[in-house]
Protein chains: 2
Amino acid sequence: MAEYAGVSRSVASRALNNAPHVSRAKREAVERAVRHLGYVPNSTARALATRQTGAAALVVSGEDPSIFADPFFAQVIVGASGALEEADLHLMLCLAASDRGRKRVGELLRSKGADGVMLMALREGDPLIRMAEEAEMPVVFGGRPVGPAPRWYVDVDNVGGAREATEYLVSRGRTRVAAICGRLDTEAGRARYRGYRDAMLAAGLDPFPPQEGDFTESSGAAAMAVLLAAHPDLDGVFAANDNMGAGALRTLREAGRPVPADIAVVGFDDLAVARIADPPLTTVHQPITAFGREMARMLVALVNGQDPTPLILPTRLVIRSSA
Amino acid sequence: MAEYAGVSRSVASRALNNAPHVSRAKREAVERAVRHLGYVPNSTARALATRQTGAAALVVSGEDPSIFADPFFAQVIVGASGALEEADLHLMLCLAASDRGRKRVGELLRSKGADGVMLMALREGDPLIRMAEEAEMPVVFGGRPVGPAPRWYVDVDNVGGAREATEYLVSRGRTRVAAICGRLDTEAGRARYRGYRDAMLAAGLDPFPPQEGDFTESSGAAAMAVLLAAHPDLDGVFAANDNMGAGALRTLREAGRPVPADIAVVGFDDLAVARIADPPLTTVHQPITAFGREMARMLVALVNGQDPTPLILPTRLVIRSSA
DNA sequence: TCCAAAACTGGAAGCGCTCCCAGTTCCCGG
DNA sequence: CCGGGAACTGGGAGCGCTTCCAGTTTTGGA
């Protein structure tokens with residue numbers, strides 16, 4: 001390429017990266033050569049020389065890859081992908097479900113296979129947490145893990161959202177409100193239960209003990225069945241996400257308990273399923289795409305040597321007909 | 001590292017890649033050094049030397065990134081990710097929505113930024129099709145594009161599935177069956193309409209002209225409204241995917257037309273929405289995770305210098321209560 | 001016309017790894 | 001005890017790009 005343009009490789013390199021110290025003439029010669037030869041610099045070689053891979057990884061943890069089927073992640077990815085595109089970084093996606101998968105993430109971190117990493121869906125004691133700490137690479141957490149908050153993260157106001165949902169239920173006259181909560185080994189699961197609990201206490205009502213699900217529709221249905229059997233006089237349910245809310249709705253329908261007349265239900269997430277559910281689910285909206293976008297932006301800032309501050313995104317109650 | 005172990009870099013390299021020509025003693029020395037130093041080879045340097053990046057890209061085309069929010073892709077990714085993990089390849093995800101995005105994919109292809117590429121959701125005349133042809137890199141198509149079939153692809157038996165769905169409707173005594181079809185600038189959209197048409201013709205019934213949607217729930221609802229206005233006597237609808245089927249269901253519910261008593265509906269995909277819909281949607285199941293897996297496996301074969309044959313995955317009718 | 005400063009140029013040294021190949025060591029049968 | 005082949009070893013040349021730096025050319029003011 002350089003020889004075709006009649007310049008040295010140095011000049012060619014500078015011209016390609018439009019760096020200074022290249023005369024207009026040579027710059028054009030290089031440009032012409034590039035066009036003529038269809039030359040595209042080899043990204044690996046460039047990565048080796050610059051010590052930058054030009055890629056950021058998004059890792060989704062979980063003991064089962066199917067966790068990723070939750071449409072939540074798709075939206076996060078849309079946001080993250082957009083922000084990375086702006087910074088001209090590629091997105092590597094790691095579904096760290098198996099031990100093998102986690103090991104590969106560890107190697108990615110240590111072999112400098114990416115310029116930075118976004119970590120999501122960590123459970124308590126997840127080995128990725130330590131790996132992240134040891135990594136010599138920017139790491140931003142999507143959602144705080146259980147335990148001490150990491151240096152950089154983006155999260156959603158889970159406590160506030162859950163509180164608002166519960167307050168709404170209470171404000172509509174519901175007094176026997178149970179909580180179908182998410183996995184309690186995740187911070188989101190715990191925080192949403194806390195929000196529920198706070199609101200109940202503040203209203204002078206007795207919070208129910210956590211009825212744990214795992215964020216899936218079927219677990220929500222099962223949890224609802226348990227609650228119904230134990231407390232036939234329930235008049236409200238706060239589900240820690242929409243999938244479980246939809247499951248609860250299904251159980252209630254099968255049990256012949258009209259919603260919201262008999263029992264009101266509110267979910268969390270505001271995914272498509274909330275709109276499609278029957279009746280449409282009142283739910284706590286969280287800005288999922290923005291979540292992904294901010295996570296990526298924070299990572300980009302870190303990669304560029306800045307020191308961004310953690311971010312907590314607001315939620316907002318969306319009222320439909322289930323409550 | 002090599003010097004710590006007291007061997008040459010050649011020997012260290014061979015030991016790390018457990019290649020032959022390394023004595024047991026040195027192999028152990030290297031192993032010890034690795035453990036002691038926590039050494040992990042730099043993946044970029046390795047990539048440069050071996051001319052293999054260790055990554056495969058999955059690109060999802062579309063004019064709008066929100067197409068990716070379709071849970072279909074999440075399942076594809078789960079499958080592909082698993083298969084790539086087996087081959088020890090990383091997954092790069094490219095949402096080629098904007099021109100910028102497409103340009104980046106082009107550069108990825110030409111700069112050897114990946115060992116191979118999987119292409120999905122191509123529309124007629126999509127610039128990525130030509131880019132793929134020109135790429136000096138293995139490319140497998142997920143779903144054939146409109147036009148001549150590419151050399152390597154994985155697809156689903158769209159025609160057969162649509163035919164089966166329509167035949168089922170007909171077999172239940174429905175005679176005025178319309179089709180809400182997907183975008184006709186995609187091969188899946190066309191093929192599913194063809195399958196519907198074939199079945200109608202074979203049954204001696206008049207196929208309806210295509211009522212085009214864009215695979216979204218709202219487009220399905222809109223299409224259903226149009227159909228209902230034009231043909232109040234409809235007694236069956238084949239929707240080219242579940243999202244549109246769910247939309248149709250919504251319109252029918254709002255119009256007070258009982259399903260399936262009055263009008264039967266069948267969808268295509270068998271996503272979660274089909275199960276959650278009210279009534280649950282009879283639909284054509286396609287093995288989406290397998291789709292992703294096979295696509296990735298085909299790519300891996302290609303990367304390894306083999307010459308796999310295109311694959312068409314079977315579909316299967318899942319009968320629920322909407323038809 | 002002359003000179004210093006500014007602008008440009010290209011040789012060469014990496015980046016961290018793989019792999020060819022010539023040289024060395026080891027092991028055996030003869 | 002020797003020769004030959006198998007097994008091992010490490011020097012060195014890349015992989016394709018960036019970047020430092022010493023050297024060369026331009027520029028413009030005196």
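In the text below, chain A, chain B and the rest are named by the order of the sequence lines, each starting its count at 1. Model, not experiment: these values are computed from the prediction. The analysis underlying the following values was restricted to heavy atoms, covering all of them including side chains, and did not include hydrogens, waters or symmetry mates.
For A/Leu89 against B/Arg104, the heavy-atom pair with the smallest separation is O-NH2, 2.6 Å.
Contact annotation: side chain of B/Ser10 to base of C/dC19, donor-acceptor pair present below 3.5 Å. Taking 3.5 Å as the limit, the base of C/dG10 and the side chain of A/Arg14 contain a donor-acceptor pair of atoms between them.
Taking atom CG on B/Leu48 and atom C1' on D/dG14, their separation rounds to 9 Å, with Å as the unit. If you measure from atom CZ of A/Arg9 to atom C1' of D/dC17, you get 7 Å, rounded to the nearest angstrom. The separation between A/Arg24 atom CZ and D/dT27 atom P is 14 Å, rounded to whole Å. In this structure, CZ of A/Arg27 is placed 12 Å from C1' of C/dA7, rounded to the nearest angstrom.
Taking every side-chain heavy atom of B/His21 into account, D/dC8 is the closest of D/dC8, D/dG10, D/dC15. Picking from C/dG16, D/dG16, D/dG10 the nucleotide with the shortest atom distance to the side chain of A/Ala49 gives D/dG16. With distances taken from any side-chain atom of B/Thr50 to the nucleotides D/dT18, D/dT9, C/dC19, the minimum falls on C/dC19.
Contact of the B/Lys112 side chain with the B/Thr53 side chain is not registered, since no non-hydrogen atoms from C-beta on lie closer than 4.5 Å.
Residue B/Lys26 has a polar side-chain atom (N or O) positioned under 4.0 Å from OP1 or OP2 of D/dG10. Residue B/Tyr39 places none of its side-chain N or O atoms closer than 4.0 Å to OP1 or OP2 of C/dG16. For C/dC15, neither phosphate oxygen OP1 nor OP2 lies less than 4.0 angstrom from any side-chain nitrogen or oxygen of B/Asn42.
The pair B/Arg110-B/Glu107 fails the salt-bridge criterion, with no side-chain N (NZ, NE, NH1 or NH2) lying under 4.0 Å from an Asp/Glu carboxylate O. With respect to the salt-bridge test (charged N to carboxylate O, under 4.0 angstrom), the residues B/Arg24 and B/Glu28 qualify.
Nearer to the 5' terminus of DNA chain D, by closest-nucleotide assignment, is the contact made by B/Val22 (compared with the other of B/Val22 and A/Arg46).
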